Amino acid sequence: MSDTNVLIIREFLVADGDFVSGSELAEQIGVSRVSVWSYMEKLKAQGFDFEAVRSKGYRLTKVPEQLNQALIQARLQHAADKFQAIVLDEVDSTNSEAERLIANGQEAPFVVISRLQSIGRGRLGRVWHSPQNGNLYASFGFRPQISPSQMSLFTLWMGINICECINSICRVNCQVKWPNDLHIEGKKVAGILTEARMEADQVLSAVLGLGLNVNSDGSDWPEGLKALATSLRQSSGQSFDINKLVSAITGRIAIAYKQLSDGSHRAALKERWPRYDTLAGKTITLIQGESRISGVAKGIDSSGSLIIERDDGTRFLARAGEVTIEKKS
Ligand code: BTN
């Protein structure tokens with residue numbers, strides 16, 4: 001990807017719909033006016049458009065609807081300049097790709113996004129259905145300085161931050177269903193798959209994979225999924241600009257990651273978790289392999305374990321597992 005493309009788009013984003021003169025643009029970026037024009041012609045081929053007015057310069061009139069690496073990177077330079085964005089047409093799994101990139105020395109943090117995944121992976125060895133349907137398949141790669149015991153908090157903390165970002169942009173009420181799902185009104189809108197490479201008591205790298213149903217109308221989902229899943233479009237009645245959304249989420253993740261690195265996430269998670277806890281006060285069953293534990297969900301403890309209060313008043317702390325919510329009779 002050309003950095004010049006990113007710089008040009010960034011100048012237009014900063015102008016926020018106003019005209020930018022060709023000479024100013026050339027000066028800011030450090031290339032000739034002819035060269036700016038030729039970059040803009042190439043951007044047009046990617047779905048951008050510009051209005052040219054003599055004596056005023058150029059104005060950005062259209063951005064691509066499809067995922068666009070330069071546009072995402074240009075937006076990121078506001079909030080998360082250290083994050084590198086990598087956009088692919090197709091990949092087996094963005095989590096697998098992120099792991100390969102880390103193994104090959106890719107600088108972290110970064111985000112790898114694909115228009116479709118041929119072998120999208122879910123939790124517990126499940127498949128994550130990933131056609132090219134306007135949904136988001138993204139993996140965020142980190143080399144965090146944390147211990148393995150902090151990984152549960154890592155996912156929960158990122159989960160509430162993603163919810164907050166989605167809620168403010170899409171005007172929905174997204175919450176976390178412990179440990180890894182995001183729900184809107186009882187239906188799953190996103191799943192998170194966190195995978196880490198550990199050595200002794202150190203996390204060497206972590207990949208947080210996010211599958212977020214954005215613009216799908218659900219018609220291409222498997223039958224069994226339709227009653228359980230939703231998309232941002234289905235829940236809000238509107239479609240969303242995927243480039244804007246993924247840039248905002250990445251910006252938010254960048255801030256959340258800084259808080260995780262300086263330890264300020266602990267107090268913030270404790271304070272904010274009750275607002276985003278979709279299980280709070282509900283009668284649930286936790287499934288861990290063959291065992292079943294039923295009771296009322298009572299929030300999380302300081303390590304991110306789910307607190308389940310059984311009928312006899314005793315408390316069970318769940319570090320992992322799958323939760324089903326009892327239907328009200
Ligand atoms: C789950 O709910 O089971 C977690 C699903 C996680 C899916 C995302 S899509 C992007 C990333 N790449 C993958 O292969 N999986 C995650």
Side-chain angles (χ1 to χ4, degrees), residues 67 69 72 83 85-103 106 108-142 151-152 154-156 158-163 165-166 174-184 186-197 205-216 218 220-222 224-232 242 245-247 249-250 253 276 278-279 286-288 306 320-325:
L67 282 167
Q69 183 163 314
I72 294 170
F83 249 94
I86 300 157
V87 174
L88 307 169
D89 281 329
E90 179 174 353
V91 74
D92 50 355
S93 145
T94 53
N95 266 34
S96 306
E97 180 65 13
E99 278 156 23
R100 288 190 289 264
L101 287 166
I102 287 174
Q106 167 74 41
F110 65 88
V111 54
V112 53
I113 309 154
S114 184
R115 297 191 176 99
L116 73 92
Q117 298 183 116
S118 53
I119 323 176
R121 295 190 279 113
R123 287 178 70 223
L124 309 168
R126 294 188 188 122
V127 168
W128 187 259
H129 189 61
S130 313
Q132 183 163 355
N133 58 2
N135 289 343
L136 180 65
Y137 316 114
S139 296
F140 302 85
F142 306 93
M151 282 311 294
S152 316
F154 176 91
T155 305
L156 297 175
M158 292 300 182
I160 68 162
N161 276 280
I162 296 168
C163 281
C165 181
I166 290 173
C174 186
Q175 291 185 303
V176 179
K177 177 175 173 251
W178 184 96
N180 290 47
D181 291 348
L182 306 189
H183 275 216
I184 298 176
K187 288 188 168 187
K188 179 160 169 170
V189 70
I192 294 175
L193 177 67
T194 307
E195 296 174 307
R197 274 197 316 127
S205 63
V207 172
L208 181 125
L210 173 68
L212 172 63
N213 301 330
V214 181
N215 287 321
S216 161
D220 58 352
W221 287 340
L225 213 67
K226 287 184 180 164
L228 306 172
T230 187
S231 68
L232 294 175
I242 193 136
L245 190 64
V246 71
S247 310
I249 291 175
T250 307
I253 284 184
Y276 293 96
T278 190
L279 299 179
L286 174 85
I287 305 162
Q288 282 181 332
L306 179 69
E322 245 202 307
V323 171
T324 55
I325 303 174

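These numbers were taken from a predicted model, which means no experiment stands behind them. Indexing begins at 1, ligand by ligand and atom by atom, following the structure's order.
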TODO: Heavy atoms only: give me the nearest Ala138-Ile113 pair and the separation to one decimal.
DONE: CB-CG1, 4.1 Å
Task: Glu90: partners by salt bridge (charged side-chain N to carboxylate O under 4.0 Å, His left out), with sequence neighbours left out - done: none
Task: Sequence-distant partners of Phe110, ring-ring contact (aromatic ring centres under 6.0 Å, His included), two or more places apart - done: none
- [ ] Show the protein residues that qualify under the rule heavy atom under 4.0 Å from an atom of ligand 1, listing them in chain and number order.
- [x] Ser93, Thr94, Asn95, Gln117, Gly120, Arg121, Gly122, Arg123, Trp128, Tyr137, Ala138, Ser139, Asp181, Lys188, Gly191, Ile192, Leu193, Gly209, Leu210, Gly211
Open item on the list: Looking at Arg123 and Glu322, is any side-chain nitrogen of the basic one under 4.0 Å from a carboxylate oxygen of the acidic one?
Closed with: no
Task: Ser216: partners by side chain to side chain donor-acceptor pair (under 3.5 Å), with sequence neighbours left out - done: none
- [ ] Identify the heavy atoms of Ile102 and Ala206 that sit nearest to each other, and give their distance.
- [x] CD1-O, 4.4 Å
